[in-house]
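Order of the sequence lines fixes the chain letters, A, B, ..., with proteins taken first and strands second; residue numbering starts at 1 for each chain. If you're wondering where the values come from, they're calculated on a predicted model, not measured in any experiment.
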Amino acid sequence: MRTLRKVGAFVRRDVLEMASYRTNFVFSMVGILFSSLTFFFLSRLVDAHRVPELAPYGGQYFPFVLVGMAFYQFLGTGIGALSDSLRRAQTTGTLEALLVTPTPLPVVILSSTIFPFLFSALRVFVFLAVGVVVFGVDLSHANIAAALFVLALSTVSFTAIGMLSASWIMIFKGGSPTGFVFGGISAMLGGVLFPPTVLYPWMRPLSAALPITYALEAMRRAVLLGDGLPQLGAPIAALLVFTAVLLPAGVAAFSLAVRRAKRTGSLVQY
Amino acid sequence: MTPAAIEVDRLSMRYPKQTGFFEFARHPIHREHVQALDGVDFHVPAGVLFGFLGPNGAGKTTLIKILTTLILPTSGAARVAGLDVVRDVVKVKQRIGVVMSDERSFYWRLTGRQNLQFFSVLQGMSADAAARRIEALFDVIGMADKADTRFSEYSSGMKQKLAIARGLLADPEVLFFDEPTRSLDPISAAQVRGFIRERLVEGLGKTVFLTTHNLYEAEEISDRVGIINKGRILAAGTIAEISARLRSRERFRLRLSEAPPALIAEIAAAPGVASAALAVAAPQGAPGAGDAAMAGFVIELTVADPDASVPRIVALCVARGAAVLECARRESSLSEIFSEIITEDARHADPA
């Protein structure tokens, strides 16, 4: 109960801060409309050629890329929120003030990521709502329960990657290769903007080694085709394996990094 | 005997120099280390204000970070409010308040009240208790009318007062201040010093551990002081106790009717004299010399063995034709004690 109050305090803090930057918020939402518009026109070009690689996802490019973009934003938050929160607290100078309270560091850092996740969820919703309302995308077949399950599983898996990234930043302070590999490269190899089947054959094993590939496939099939958990067995099994490996690794790396940073006195340095 | 609020026992801190990944990859084993603290030993009785002094890089901040559980020592032990700072981290944090001088440790877009509400939840306080406490603290720091103003609109003095209020949220037994008047103007600094001394220590009986560069500040408000240099405690106790330990060298004020440079040089070279310097030159009858009783040439003397040295110096002055108008022992100021201790330490470290 007490931990929940603490999580609530972090969310309230972030809401108050965001509310003080209203223009930023408005532009962020308007930006979604414009990026959707870009992909809408691109889809008119792509759909004119009836791309066979899109057939497993319903055959149309715009719904494919809309779900990809919306979901990628959320997964990006999973990877980046922990290290971003830590970095922000270090650079703004608030981390020390947080750490001298009796609230443990993992609670401080994890609670700081709740608002970014909520904000990302809002952006996902707006992305999809713009697609449906403005561009007439048909999401009436979406299997909401399966989509939420995939979202939850992917979030855990990507947050574990985020823990590895935050651990790196805690020790070496600089840009994390974990974030780069799973964030930057995932966008290309994981199939955010195009199906991984269009990649060169030698690139496909790399794509298969990334959790985002399975997360996007499962999410697209749940949202666009209405597949339920039984039909999504293969990508969900792959995500479970990634989670089983990454979560303990992330927790262990984060604990080690905190311990090391406390021993070397570098916890609040940046 | 008063129980100790802070006990530090042979505390050492040695850490590798901060490196980036490539430097770490090149030398994963052999790395340069910094000895930030080296066998630090002292204690602070409950209910006193302990001023902790040292030059830049002496180890003050490292020590305060260990005592507030932010970093782990390499060896030795430290207890705050009777609790071990390594084993009882959460309990220690429940018994201490930390007042940071860094204005950036607040959320600038939030009001003072919103900031305190946020930190009160992290302290584990209930909403009702926090609301009452925050209201009372705004009264205590004299900012009740500014509680709902954005932090970014506060003056430096108000920001520091809010930092004190945050440190007092959970009504801690021991308060740590890291250079509390660093960025304040003289009037605000005096107010903060007065608040710490009169309200917190004398009024509420708190134990205060305060690091400062400002020797005047430490002398004005501290019950006891500790002096640290290069990670080692050079002296700890009341100013009188530390001064007494330096009694092998005492300070005298010698007022002469005249003091030509040759005489000052002779005094400085006399046996048992550590230093002799002309402090005031106001010849009797000279324009602007002021009160005749205060006129003359004042020489500040530091001598090793006053009983033998001082009569010899007086005799020397008389022999050179200078009348001795005054010869008095002088209490050392904290600034002089500090300077002498640091100089002595440097001399030991580098005899050449």
In terms of heavy-atom proximity below 4.5 Å to chain A, should B/Leu122 be classed as side chain, backbone, both, or neither? both

Are the aromatic rings of B/Phe50 and B/Phe42 close, with centres under 6.0 Å apart? yes

Tell me, with the steps shown, if A/Glu96 and B/Lys65 meet side-chain contact (heavy atoms from CB on, under 4.5 Å). CA-CA 9 Å; A/Glu96 205 163 300; B/Lys65 282 184 176 173; 3.6 Å; yes

Under 4.5 Å heavy-atom distance to chain A, tell me which part of B/Phe106 shows up: side chain, backbone, both or neither. backbone

Selection from A/Thr103, A/Thr94, A/Leu16, A/Val107 maximising heavy-atom pairs under 4.5 Å formed with chain B: A/Thr94

With chain B, the option among A/Ala97, A/Gly8, A/Ala89 that has the most non-hydrogen atom pairs under 4.5 Å is A/Ala97

Quick one: do B/Asp171 and B/Lys206 make a salt bridge, cutoff under 4.0 Å? yes

Looking only at B/Ser120, B/Ala36, B/Ser126, most heavy-atom pairs under 4.5 Å shared with chain A are made by B/Ser126

Between B/Asp148 and B/Arg113, is there a side-chain N and carboxylate O pair less than 4.0 Å apart? yes

One should read off an interatomic distance between A/Phe158 CZ and A/Leu153 CG, to the nearest 0.5 angstrom, of 10.0 Å

salt_bridge(B/Arg109, B/Glu153) N-O dist < 4.0 Å: no

Counting heavy-atom pairs under 4.5 Å with chain A, the top scorer among B/Met100, B/Lys91, B/Glu103 is B/Met100

Could you check which of B/Leu110, B/Val34, B/Ile96, B/Val98 has the highest count of heavy-atom pairs closer than 4.5 Å to chain A? B/Leu110

Of the listed A/Arg259, A/Glu17, A/Arg12, A/Arg5, the one with the largest count of heavy-atom pairs under 4.5 Å with chain B is A/Arg5

